Amino acid sequence: MKRVTATGQSVEEAVNLALAQLNSTKDRVEIEIEEEGKKGFFGLFGARKAIVHVTLPPDPIEETLEYLKNVTLGMGVDAKIDVHRKGKNVTFQLSGEKIALLIGKRGQTLNSLQYLTQLVANRHSKQFLNITVDAEDYRNRRNETLIQLAERMANKALKTGKAISLEPMPSYERKVIHHALLQYPKIKTTSNGTEPYRHLVITPHK
């Protein structure tokens, strides 16, 4: 967090001087006015300058990026991290050597990184940010695998007439399977259990 005190002939002038020092814009800072200033008699006698204190809060994306860099380096991976933001959705795309270490078995390490990164981002943000941490486009490949699994298990459930329980997985992976099976009118999907062991059950309609 950066904080500067600036003076000027008016509050506006003082704020602009502070913004120049912080290299920031008015919408990103917090402004505290200590003295609004006074022109004085004939513009001279009794004049007082305006005094403001301007604070620049930590940027949630920059703070999160720094956190992710430190964590990946601590895991022995010097990853390149690209940031893509669209509204409240922010994706951190990791690439480089030893990237498999950051993905882990069935993406478990990557899921943990994403969970921790989301906590860090929203600790510094005034609005909720939806964080995705991806590595070498693993998320898309995983989604394709989940869709194939969903269709295979749905066909099995229809053939046997019995409900099939899938392995525990994060909520967004369960959503991928749920949406993939919306095209099966004779199949119902429900979530059972508690996190982190919550899992999907694929049930054929009788």
Side-chain angles (χ1 to χ4, degrees), residues 1-2 28 56-157 163-183 189-202:
M1 184 178 293
K2 298 178 182 178
R28 292 185 57 198
L56 177 63
D59 181 270
I61 305 302
E62 291 178 4
E63 293 291 323
T64 306
L65 179 60
E66 190 64 26
Y67 167 80
L68 203 49
K69 284 180 179 178
N70 291 334
V71 171
T72 52
L73 282 173
M75 296 173 67
V77 182
D78 186 10
K80 177 187 175 184
I81 307 177
D82 294 315
V83 184
H84 307 279
R85 179 170 187 175
K86 188 175 182 181
K88 296 180 182 180
N89 299 312
V90 185
T91 299
F92 294 87
Q93 186 68 246
L94 313 179
S95 60
E97 297 181 2
K98 299 182 181 179
I99 209 69
L101 290 174
L102 301 181
I103 297 174
K105 184 179 179 182
R106 295 178 182 172
Q108 291 178 351
T109 304
L110 194 63
N111 291 340
S112 296
L113 272 177
Q114 179 169 292
Y115 173 74
L116 294 172
T117 302
Q118 175 121 357
L119 291 179
V120 172
N122 284 295
R123 185 177 66 196
H124 294 290
S125 179
K126 292 182 179 179
Q127 64 171 353
F128 180 79
L129 297 174
N130 184 34
I131 303 296
T132 299
V133 178
D134 200 356
E136 301 284 9
D137 205 32
Y138 170 82
R139 298 293 182 195
N140 282 334
R141 299 198 308 272
R142 175 65 173 166
N143 285 353
E144 291 173 2
T145 299
L146 289 171
I147 291 171
Q148 292 172 6
L149 172 67
E151 293 175 346
R152 192 167 65 250
M153 292 299 101
N155 288 325
K156 182 178 179 180
I164 297 176
S165 295
L166 302 183
E167 65 183 16
M169 58 184 66
S171 61
Y172 57 88
E173 291 193 348
R174 297 197 301 270
K175 288 178 182 177
V176 171
I177 292 180
H178 173 74
H179 286 298
L181 296 183
L182 289 176
Q183 60 180 317
T189 57
T190 54
S191 290
N192 285 353
T194 56
E195 301 292 359
Y197 305 106
R198 197 161 175 78
H199 61 279
L200 271 183
V201 178
I202 299 174

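Just so it is clear, the structure is predicted and the values come from calculations on it, not from any experiment.
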With salt bridge (charged side-chain N to carboxylate O under 4.0 Å, His left out) as the rule and sequence neighbours excluded, what pairs involving residues 57-66 come up? R28-D59
Within the supplied structure, the quantity of interest is the number of heavy atoms (other residues, nucleotides, ligands) at a distance under 6.0 Å from E97 CD; does it exceed 12? no
Nearest heavy-atom contact between L110 and Y138 is CD2-CD2, 3.7 Å
Please check if atom CZ in R106 has more than 12 non-hydrogen atoms from other residues, nucleotides or ligands closer than 6.0 Å. no
Full working for side-chain hydrogen bond (donor to acceptor under 3.5 Å, both in side chains) between N111 and Y172: CA-CA 10 Å; N111 291 340; Y172 57 88; 2.3 Å; yes
Atom of P60, atom of L129 and distance for their closest heavy-atom approach: CB-CD1, 4.2 Å
Tell me if a side-chain donor or acceptor on S125 pairs with a main-chain N or O of A121 at a distance below 3.5 Å. no
Tell me every residue that passes side chain to side chain donor-acceptor pair (under 3.5 Å) with T189, counting only those two or more places apart in sequence or in another chain. H178
What closest approach, in Å, do A150 and I177 show between heavy atoms, and which atom pair accounts for it? CB-CG2, 3.6 Å
T109 and G104: which non-hydrogen atoms are nearest, and at how many Å? OG1-CA, 3.5 Å
L102 versus A79, closest heavy-atom pair with distance: CD1-CB, 4.2 Å
Mind jotting down which residue pairs meet the salt bridge (charged side-chain N to carboxylate O under 4.0 Å, His left out) criterion with at least one end in residues 123-142? Sequence neighbours excluded, please. E30-K126, R142-E167, R142-E173
Residue N70 excluded, over 12 heavy atoms near CG under 6.0 Å: yes
Heavy-atom closest pair, residues M169 and R174: O-NH1, 2.7 Å
